[in-house]
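These numbers come from the heavy atoms of this one structure, side chains and all, not from hydrogens, waters or symmetry mates.
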Amino acid sequence: MSKTKYLFASLAVAALGVATLAPMVAAADKEETERPAAPAFKVKDYDGKERTLEEFKGKYVVLEWVNLECPFVKKHYNGSANMQKLQKTYADKGVVWLAICSSAAGKQGHLTPEGWKTAYTEKKMAATTVLIDGDGAVGKAYGAKTTPHMWIIGPKGTIEYTGAIDDDRSPQADPAKTKNFVAGALDALLAGKEPPVRETPPYGCSVKYAD
Amino acid sequence: MVRTLRLAMLAVLGCGALASAALADDAKGEGPHLRVELLAERAAVVPGRDLVLGVRFTTDPHWHVYWKHEGDSGLPPSVRLTLPAGATAGPIEWPAPTRFIVGSEAGFGYEGDVVLPIRVRVPMDLDADSVMPRFVVTAAVEWLVCAGECIPGVATLRLDLPYAAEEPAADPRVAALFAAARDGQPRAIPEGVTAAARAAPGHVDLVIRGTGPWTAPGATFTWFPVTPLAFDYPADVTVRAEGDGLHLRLPLSRGRAAPPRLDGVLDVRDGANRHAYTIDVKVEGEGAATPGAAATPPSVAVAPASPSPVPREVESLWLALLLAFAGGLILNVMPCVLPVISLKILSFVQQAGAHPEHVRRHGYAFGSGVLVSFWALAGLLLGLRAAGEALGWGFQFQEPGFTGALCLLMFAVGLNLLGVFEIGMGLSSRAGDAEARGHGGYAGSFSSGVLATVIATPCTAPFMGVALGYALAAPVLHALLVFTALGAGMAAPYVVLSANPGWLSRLPGAGRWMETFKQAMAFPMFAVVVGVGLVFGKQTGVEGLVFLLFALLLIGVAAWLWGRFGGLAAEGMKRAVAGRAMPALFAIGAVVAVVVGSGRTQEGADAPPEGWLAWKPGIEAELRAQGRPVFVDYTAAWCITCIANEKAVLSTDTVRSAALHHGVAMVRADWTRKSSDIRDALALLGRASIPVYVVYPPDPAAPGEVLPTAITPSTIVDAFGRASGKTP
């Protein structure tokens with residue numbers, strides 16, 4: 001049996017496999033629409049280092065709009081330490097977690113780089129870094145409406161999830177008892193599955209952009 | 001004893017009531033920048049008469065609380081009422097809000113003084129055993145008050161009202177507050193005025209026909225959507241008058257498609273006068289419900305009303321055509337066809353005296369023969385399908401006897417392909433005979449094309465199976481196209497090779513590899529067994545499935561005996577007993593096992609998935625009596641169209657959220673197993689086969705609407721809108 005025959009036979013077998021599997025594939029839900037691209041950014045972090053979305057290519061990136069004085073953010077940081085736990089859990093799984101503050105100077109939630117360093121230690125944050133978006137350029141590029149407003153960006157720079165962090169909007173809710181959309185989506189994505197939901201309406205305080 | 005206890009309790013409660021009366025501020029609470037109060041429109045409760053409660057917020061200047069949709073950020077207040085047994089509370093009747101803009105964001109809510117009314121139904125017959133001498137209401141209120149920064153708050157408020165036979169006169173202070181709350185309620189568009197919405201690039205065009213405050217010169221408009229995410233809240237509504245009415249341009253957020261419905265409150269200001277109207281109309285036009293467009297990022301400049309992407313059906317048609325062509329090509333390397341090819345081409349060459357032009361023509365003639373036979377086959381199938389549909393095609397899959405037999409047959413074919421046993425040898429040699437007899441001219445080539453197709457048929461079952469399945473499920477035109485592609489695939493090598501006879505030498509010859517290939521083909525057959533076995537298992541349960549597996553075992557033994565002792569090489573007696581009689585016995589055993597297994601037919605249906613109710617006779621009437629529109633999905637595990645529709649349409653977010661929005665009860669009638677109830681229900685609808693989709697409006701007198709079988713999310717969403725009566 002010559003090489004050509006082998007090649008021919010294996011091609012035929014492969015084609016046969018495809019032909020058999022095709023109806024199943026066709027029947028499977030083909031919800032795989034192209035994901036929209038996440039806007040690129042260049043912004044300094046609390047170490048004064050310039051960070052871009054590009055540098056995290058190949059990894060899942062979470063963007064968390066933060067304002068530590070907003071009651072909705074406090075709900076996730078103080079007492080429950082829910083946000084810190086999420087940051088830690090997914091950092092351990094290789095997810096890049098970027099907290100980003102778009103509060104303008106003089107507005108609620110604005111902190112200097114030094115202030116953020118202190119806050120990071122005090123709150124025992126586990127985010128990869130804190131991005132300081134004082135002019136709101138990144139916030140506006142993404143259309144960040146609230147704190148906390150969350151994004152999950154895929155390894156290819158596509159938006160995989162955007163919206164609320166969980167399903168209980170009340171500032172009195174216990175985040176340990178809510179359904180966390182970000183955790184749900186990340187777990188699914190890391191397991192190579194479709195996230196249960198791609199977008200939810202964000203909730204929280206308004207982002208304190210410059211006037 | 002019991003009586004004494006109850007008296008004691010009454011005494012205690014009486015004291016309690018006195019104590020609470022002393023604490024008059026119980027109904028009031030406060031937080032930073034905000035005071036809150038629980039009000040009752042009347043100071044006493046009359047059994048059988050509705051009581052209107054109100055939660056009143058008073059904020060400091062520039063601070064606000066939120067409407068039911070907060071806008072870009074914020075949080076609507078929530079009220080959790082605890083009422084005496086038997087009393088029930090309606091929803092908060094939200095007065096029309098105002099809009100406050102902060103930078104590039106906008107919020108919807110109330111500044112200053114607002115009363116949120118809640119209507120409470122008080123039963124006529126209050127629990128006779130009740131020891132409560134008064135009507136006590138507690139309200140757990142949560143709010144968020146914002147002015148740039150936000151402060152959340154909670155309060156538990158309590159009202160303690162006496163019962164009375166007649167409604168007392170209202171306290172004028174309270175009456176004025178409730179009157180204001182009533183004035184602030186959005187109203188329905190007046191009789192004779194129509195509103196229609198149409199999606200346009202970047203906005204929704206709301207057209208109002210008829211005169212009213214909106215036609216006053218200098219009237220200004222604010223749009224308060226209920227649907228989150230779609231609209232650009234801080235952007236202003238622009239207006240222009242045209243021949244067909246007043247056009248209001250409601251701006252969409254960057255990159256957002258128009259929602260399927262326009263649902264919200266339109267606020268019209270004419271000088272100092274304020275009018276608010278409830279709008280809930282379907283949005284007409286392309287891209288109104290483009291699924292997946294929801295997460296488009298703002299930075300990507302996508303026209304929001306861009307036409308929807310290529311429909312799924314067309315995509316799958318292209319895939320099917322490609323596969324069919326590939327399948328047709330592969331037909332040529334099947335063990336019973338490949339030997340024919342070289343012979344065939346060589347005969348073309350001989351007949352045409354090696355004249356290239358003639359060889360080519362013979363190739364075309366042969367190719368046409370193949371194509372025509374595939375068309376004939378498609379026509380036959382479609383004819384059968386049409387006849388089958390008249391007879392209720394697909395119903396045989398309800399019979400576990402049929403699905404079980406199909407499993408046995410497919411399993412046997414698989415074993416045959418593996419070479420465990422062999423039957424029907426010599427089709428290929430017959431092809432050789434046909435060749436040897438020789439055919440003159442192009443007509444001969446044409447008819448040998450037909451013959452090749454016919455001869456190929458036994459080896460082509462797996463591919464034909466796929467195409468057949470498609471032909472039975474797809475629209476007629478699609479089915480014809482698929483068969484054409486299949487035929488073209490099979491004819492392609494002849495046409496190509498007859499044009500280039502030189503390439504013949506490069507073709508692999510017959511050999512062991514073909515046997516390998518044939519054996520590999522057994523596995524798709526086994527996959528079919530698994531798939532059909534699943535349906536059988538659903539119909540008969542675990543025990544039935546075990547009988548089927550046992551039947552497969554027996555068939556396996558029968559096939560092995562046949563192959564081992566039934567060959568020509570075996571001796572007479574041995575062949576007759578071990579090679580013929582015993583396999584026959586085992587095969588009969590297998591059939592008996594399937595028959596017994598089929599007897600375990602289960603009644604009823606599996607529990608429907610989450611969010612669905614299981615159908616039962618009369619469930620439509622029950623749900624409609626509750627004032628809900630009802631959607632019924634008649635489906636079955638063996639109905640491919642049903643499952644495809646469920647996956648691609650019914651379980652999409654668009655449909656699910658529309659069902660929630662319209663309060664539609666989703667009911668699934670599962671016909672995987674036989675059910676005379678479902679058959680009768682379908683007969684009443686004038687249908688004999690599934691899928692069938694029916695939408696019923698809540699009004700029990702109104703007829704149901706049977707939807708077309710080919711559904712899309714928007715046909716379903718539209719039908720929900722019509723049924724819920726929220727269309728203009």
Side-chain angles (χ1 to χ4, degrees), chain A residues 1-2 4-6 8-9 12-13 15-20 22-31 33-39 69-72 75 107-108 140-143 145-147 159-163 169-172 197-211, chain B residues 70 72-75 78 102-105 107 142 144 146 148-152 154 228-229 253-254 291-292 294-300 309 312 315-316 319-320 323 326-327 329-330 333 462-463 466 469-470 506 508 511-514 516-517 520-521 524 527 640 643-644 647-648 651-653:
Chain A
M1 192 158 160
S2 73
T4 338
K5 282 178 198 163
Y6 270 117
F8 203 59
V13 170
L16 178 75
V18 169
T20 337
M24 296 179 213
V25 174
D29 200 357
K30 291 194 296 166
E31 210 69 348
T33 40
E34 245 177 56
R35 303 299 312 156
E69 291 171 63
C70 160
F72 295 90
K75 162 175 86 160
K107 295 276 184 142
Q108 190 197 52
K140 283 177 180 163
Y142 276 79
K145 298 286 186 201
T146 65
T147 51
I159 295 177
E160 301 297 328
Y161 172 80
T162 165
R169 300 152 67 91
S170 167
Q172 272 76 36
V197 56
R198 289 289 193 179
E199 181 175 35
T200 56
Y203 73 82
C205 308
S206 60
V207 179
K208 311 303 179 205
Y209 291 117
D211 290 323
Chain B
E70 69 277 13
D72 279 320
S73 63
L75 187 78
S78 76
V102 183
S104 57
E105 299 193 2
E142 283 188 35
L144 184 74
C146 301
E149 64 189 273
C150 296
I151 305 167
V154 288
L229 297 171
S253 280
R254 255 189 304 171
T296 310
S299 66
V300 178
R312 181 188 311 277
E315 258 176 53
S316 74
L319 184 69
L323 287 169
L329 270 177
I330 296 172
V333 301
F463 299 105
V466 173
Y470 190 89
R506 294 191 212 162
R512 272 176 55 89
W513 71 273
M514 290 197 325
T516 311
F517 180 63
M521 286 217 344
I640 298 159
I643 291 164
K647 289 226 171 204
S651 60
T652 56
D653 288 344

About how many Å separate [atom2] of [Y] and [atom1] of [X], when rounded to the nearest 0.5 Å?
X: A:T147; Y: A:Q108; atom1: OG1; atom2: CD; result: 7.5 Å
X: A:S170; Y: B:L75; atom1: OG; atom2: CG; result: 6.5 Å
X: A:I159; Y: A:R198; atom1: CD1; atom2: CZ; result: 11.0 Å

**Report entry** side-chain hydrogen bond (donor to acceptor under 3.5 Å, both in side chains) partners of B:E70, counting only residues at least two apart
**Finding:**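 side-chain hydrogen bond (donor to acceptor under 3.5 Å, both in side chains) list for B:E70, sorted by chain: A:R169.
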
So for [X], is it side chain, backbone, both, or neither that comes closer than 4.5 Å to the heavy atoms of chain B?
X: A:C205; result: both
X: A:T200; result: backbone
X: A:V207; result: both
X: A:Y161; result: neither

**Report entry** Contact leader toward chain B among A:P71, A:G163, A:A210, where contacts are heavy-atom pairs under 4.5 Å
**Finding:**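 Looking at each of A:P71, A:G163, A:A210 in turn, A:P71 comes out on top.
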
Query - Lys/Arg cation over aromatic A:Y209: A:K140, 6.0 Å, 45° cone - result: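 Satisfied, under 6.0 Å and within 45°.
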
Query raised in the report: Does any heavy atom of chain A fall under 4.5 Å from the side chain of B:C146, the backbone, both, or neither of them?
Result: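 B:C146 has no heavy atom closer than 4.5 Å to chain A.
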
Query raised in the report: Checking heavy atoms, do the side chain of B:E149, its backbone, both or neither come under 4.5 Å from chain A?
Result: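 Both backbone and side chain.
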
Query raised in the report: Is there a side-chain contact between B:P152 and B:E142, using heavy atoms and a 4.5 Å cut-off?
Result: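 Counting from C-beta outward, B:P152 and B:E142 never come under 4.5 Å.
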
